[in-house]
Protein chains: 2
Amino acid sequence: MTNKKQSILDSALYLFAYKGYNGVSTNTIAKHAGVSEGLIFKHFKDKKGLLNQTLTQWKLDFNQILEDIGNIESPQIRIQRIMELPFSIPEIQFPYWQLVYALKWQNLDLMHNHATSMKIILIEALQALRYPDTNTEAELILSYFDGFISSAVLKKDSSLSKNLLKALQKKYIQ
Amino acid sequence: MTNKKQSILDSALYLFAYKGYNGVSTNTIAKHAGVSEGLIFKHFKDKKGLLNQTLTQWKLDFNQILEDIGNIESPQIRIQRIMELPFSIPEIQFPYWQLVYALKWQNLDLMHNHATSMKIILIEALQALRYPDTNTEAELILSYFDGFISSAVLKKDSSLSKNLLKALQKKYIQ
DNA sequence: CATGTAAGTAAGTAATTGCTTACAAATATA
DNA sequence: TATATTTGTAAGCAATTACTTACTTACATG
């Protein structure tokens, strides 16, 4: 990975996230990255290819995080870790999540794999804890996840966020 | 409101919602509405003006709904009605909500007014019910709201949705 | 019925779009 | 050191963009 290639990916993620895929031109991305426009197409074939590559990096990161959570023994802690996720996102990953959710609302759901992985972890854990309707309960927690990601990424009010998390956990951990 | 003007608004809402503001050209909107492109600019000045007018109609509708909920006497039922909202949205309004949330993730938050209105209703009701931290509790319910809107509008699985609502209400109504 | 205004169109406009081409510099490998 | 490959650029491409202009048609009101 050359410097300029990485620079293109960084600029693309940032600009796609805050202006939308169709709101940024390849010309703008090139200028932001300090690179000639042609280089984008050398490295990524076309604009869609750049978008995909941009997301791939972070997707792998998050999959690793989910795998680690899945390997935790205690089902309570597995659920807790999933709930904590929206508030443990480092600020550098905010553009990634902003982009993922922006695309989700554009019917381009890259979140789908993340969501199904989390649902599997949640259902297993809830079954271990003898919850009655594990599917619904898992969906309920995932709905929180959506709302919390929105709180964390868009509002960036971390003091409120911690109270939210505590209030939620109170409802699940007696 | 002439037929053609309304037709432009309908097409614009639909296309903006499913392809994004920057993903649709005025030319496309005009063709979809069966109208000359110039008419769009006659009626709405520019593309941004069309977007605003498109949203204004439904915004007023929803404000009315919130006002009605605010006038309900029982605080329990006020909370219940807010929780039910995502699942009582008629299908014809899906494009509106899809667009509102798409714009929200594009840092163009038209949801903000809706959210603050709902928060006021929730805090008042929670205070009446002697909840301890009403602000956090209201935010928590609004986080659900975000997640549920996403469930309702994007997935459109209404049988799941009803179970979700029941599961949530169980946590608030003892 | 005359006339002013609103509703509507077709054909433009300059600027921007995603992408290609032809070529140069840098780097790796023999 | 010679050569092949990768990395990079500048200039240009046709198509599309938001928007304007010059014009016609429909309609309301005195």
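No experiment lies behind these values; they were computed from the predicted model shown. In what follows, chains carry the letters A, B, and so on, assigned in the order in which the sequence lines appear, proteins first and then strands, with residues in each chain numbered from 1.
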Asn3(B) vs Glu37(B), nearer the 5' end of DNA chain C by closest nucleotide: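 Upstream on the strand: Asn3(B).
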Please compare Gly23(A) and Gly38(B) by the position of their nearest nucleotide in DNA chain C and report the one closer to 5'.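 Its nearest nucleotide lies further toward 5', so the answer is Gly38(B).
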Is any side-chain nitrogen or oxygen of [X] closer than 4.0 Å to OP1 or OP2 of [N]?
X	N	result
Lys45(A)	dG18(C)	no
Thr2(A)	dG8(D)	yes
Lys47(B)	dA18(D)	yes
Ser36(A)	dA10(D)	no
His43(A)	dT6(D)	no
Ser25(B)	dT17(D)	yes

Starting from [atom2] on [N], measure out to [atom1] on [X] and report it in whole angstrom.
X	N	atom1	atom2	result
Leu39(A)	dC19(C)	CG	P	15 Å
Phe41(B)	dT9(C)	CZ	P	14 Å
Ile29(B)	dC19(D)	CD1	C1'	13 Å
Ile40(A)	dT9(D)	CD1	C1'	13 Å
Met1(A)	dG8(D)	CE	P	12 Å
Leu9(B)	dA7(C)	CG	P	13 Å
Lys48(A)	dT17(C)	NZ	P	16 Å
Leu51(B)	dC19(D)	CG	C1'	17 Å

Nearest-nucleotide pick for Asn27(A), side chain only, options being dT17(C), dA18(D), dG8(D):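 Nucleotide nearest to Asn27(A)'s side chain: dT17(C).
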Of all the nucleotides listed (dA22(D), dC19(C), dC19(D)), which has the minimum atom distance to the side chain of Lys42(B)?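 When the side chain of Lys42(B) is considered, dA22(D) is the closest of dA22(D), dC19(C), dC19(D).
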Determine, using ring centers only, whether Trp58(A) and His114(A) are less than 6.0 Å apart.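 They do not qualify: ring centres at least 6.0 Å apart.
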So, for Trp97(B) and Phe62(B), is the gap between ring centers shorter than 6.0 Å? yes
Under 3.5 Å, is there a donor-acceptor pair between the Lys19(A) and Asn22(B) side chains? no
Once you apply a heavy-atom cut-off of 4.0 Å, does Lys4(B) come out as touching a base, just sugar-phosphate, or nothing? sugar-phosphate
What I'd like to find out is whether the side chain of Leu85(B) reaches to under 4.5 Å of the side chain of Ile65(B), using heavy atoms alone.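 The answer is yes, as the side chains (C-beta and beyond) meet within the 4.5 Å cut-off.
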Interatomic distance, CD1@Ile29(B) vs OH@Tyr14(B), rounded to 0.5 Å, equals 13.0 Å
